[in-house]
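As the structure lists them, so they are numbered: ligands from 1, and atoms in each ligand from 1.
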Amino acid sequence: MNKIIDGKAVAAQVKAQVKSGVEQLAGRGINVGLAVIIVGENPASQVYVRNKKNDCAEVGITSFEYALPESTTQQELLALIEKLNADDSVSGILCQLPLPEHLDEKAVIGAISPEKDVDAFHPQNVGHIMIGDYTFLPCTPAGIMELLSHEGISVSGKNCVVVGRSNIVGKPMAMMLLKADATVTICHSRTKNLAEITSRADVLIVAVGRAKFITADMVKPGAVVIDVGMNRGADGKLCGDVDFDAVYEKVSRITPVPGGVGPMTRAILMKNTLSSKR
Ligand code: NDP
């Protein structure tokens with residue numbers, strides 16, 4: 001059996017469904033549009049924004065790019081968001097993070113209308129996730145849940161361990177697993193005996209940001225391992241947080257990097273944009 005969970009293939013299916021949904025709306029004269037704001041010249045952010053534009057083109061969503069200079073003030077950025085909030089041709093708004101240091105990320109996220117917040121970072125949408133009643137889910141954890149479900153992997157009653165507690169991955173991931181009836185443990189940099197905890201995981205989800213951080217001795221035989229990490233290895237190649245070759249031998253299923261979680265994150269952004277209220 002092929003142990004690799006092919007995120008690219010599942011993402012292609014999600015995008016095909018989105019494309020068909022966009023076409024149906026177009027048939028009723030409704031256009032779906034995504035506004036992407038990028039401030040400054042962060043090369044990684046520029047790649048992400050380019051990918052998002054390509055994804056929009058692939059599924060028929062109109063993309064509006066706002067590439068603002070590094071010198072953009074908080075006031076200018078908030079004024080743009082206010083304009084986009086009121087623009088009916090814009091279904092979703094996304095501000096690429098991280099922002100330059102002089103800008104207040106929290107205030108920017110809070111300024112985006114919760115109804116257009118396709119990243120699901122607005123506190124109102126975060127609150128909805130806690131309650132388990134939501135319009136938008138953050139793209140990466142939602143993509144992981146979709147991958148698991150597509151592969152027929154139920155988390156109900158399973159020991160699920162999430163390594164990483166960021167607002168965009170770890171915390172919402174834990175909430176979604178909980179909603180799906182998993183028994184969830186969240187680990188972070190202060191966690192003691194990490195290997196002991198990860199070794200008990202039936203499903204191990206890793207979002208740390210350190211190349212090959214999870215080694216084979218930290219994984220339970222037969223576990224499902226989901227690698228969120230995107231790092232550059234010593235050879236300059238993209239790699240995950242999991243020591244893939246060594247861990248592969250031990251597990252039942254595993255996501256590769258690249259080609260695992262990343263494509264799903266992008267596909268869910270398209271799905272969220274389609275599902276935003278208009
Ligand atoms: P953050 O840097 O915000 O969070 C990293 C988390 O890892 C923190 O909670 C931190 O703990 C924890 N951590 C750091 N060191 C250790 C350690 N030694 N032991 C246990 N936990 C540790 O990262 P993100 O969540 O934003 O992203 C994580 C990774 O996922 C990155 O590589 C990022 O590029 C990637 N990513 C990939 C996406 C995709 O689509 N594939 C989407 C989003 C992110 P503490 O809170 O205590 O500091």
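At the shortest separation from atom 42 (C) of ligand 1 among protein heavy atoms lies Thr140 OG1, 3.2 Å. At the shortest separation from atom 44 (C) of ligand 1 among protein heavy atoms lies Val169 CG2, 4.0 Å. From the protein, the heavy atom lying nearest to atom 31 (C) of ligand 1 is Gly209 CA, 3.6 Å. Looking only at heavy atoms of the protein, atom 14 (C) of ligand 1 is closest to Val208 CG1, 3.8 Å. Atom 19 (N) of ligand 1 has Phe213 CZ, 3.4 Å as its closest protein atom, hydrogens excluded (heavy atom only). Given atom 40 (O) of ligand 1, the protein heavy atom at minimum distance is Thr265 OG1, 2.7 Å. At the shortest separation from atom 20 (C) of ligand 1 among protein heavy atoms lies His188 O, 3.1 Å. Nearest protein neighbour of atom 33 (C) of ligand 1, counting heavy atoms only, is Met230 N, 4.2 Å.
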* Run the side-chain contact (heavy atoms from CB on, under 4.5 Å) check on Phe213 and Leu194 step by step: do they pass? -> CA-CA 11 Å; Phe213 178 74; Leu194 181 67; 3.6 Å; yes
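Proximity of Val126 to Asn167: side-chain heavy atoms (C-beta onward) are nowhere separated by under 4.5 Å. A 4.5 Å side-chain heavy-atom check between Ile205 and Cys160 finds every atom pair outside the cut-off. The side-chain heavy atoms of Val242 and Val219, taken from C-beta on, include no pair separated by under 4.5 Å.
Within the structure, ligand 1 has Val228 among the residues with a heavy atom less than 4.0 angstrom away. The shell of residues lying under 4.0 angstrom from ligand 1, judged by heavy atoms, excludes Cys187.
Here the closest heavy-atom approach between residue Gly209 and residue Asn231 is recorded as C-OD1, 3.0 Å.
Within 6.0 Å of atom NZ in Lys158, more than 12 heavy atoms from other residues, nucleotides or ligands are found, so the atom counts as buried in its surroundings.
Under the 4.5 Å side-chain contact rule for hydrophobic residues, Val261 and Ile254 do not share a cluster. A continuous path of ILVMFWY side-chain contacts below 4.5 Å connects Leu269 to Val32, so both sit in one hydrophobic cluster.
Under the 3.5 Å distance criterion, with hydrogens and angles disregarded, no donor-acceptor pair is assigned to the side chains of Thr273 and Ser91.
Around atom 3 (O) of ligand 1, the closest heavy atom drawn from Pro98, Ser166, Gly164 belongs to Ser166. Selection from Ala207, Gly240, Gly262, Ser189 by nearest heavy atom to atom 22 (C) of ligand 1 gives Ser189. Between the choices Arg190, Arg165, Lys171, Arg210, the shortest heavy-atom distance to atom 9 (O) of ligand 1 belongs to Arg165.
For ligand 1, the atoms sitting less than 4.0 Å from at least one non-hydrogen atom of Asn231 are 32 (O), numbered in the order shown with element in parentheses. Listed by number with element, the atoms of ligand 1 under 4.0 angstrom from any heavy atom of Ile168 are 26 (O).
Atom 27 (O) of ligand 1 is not flagged as protein-proximal [any protein heavy atom, distance under 4.0 Å].
A distance-only check finds no donor-acceptor pair linking the side chain of Lys8 to the backbone of Gly259 [under 3.5 Å].
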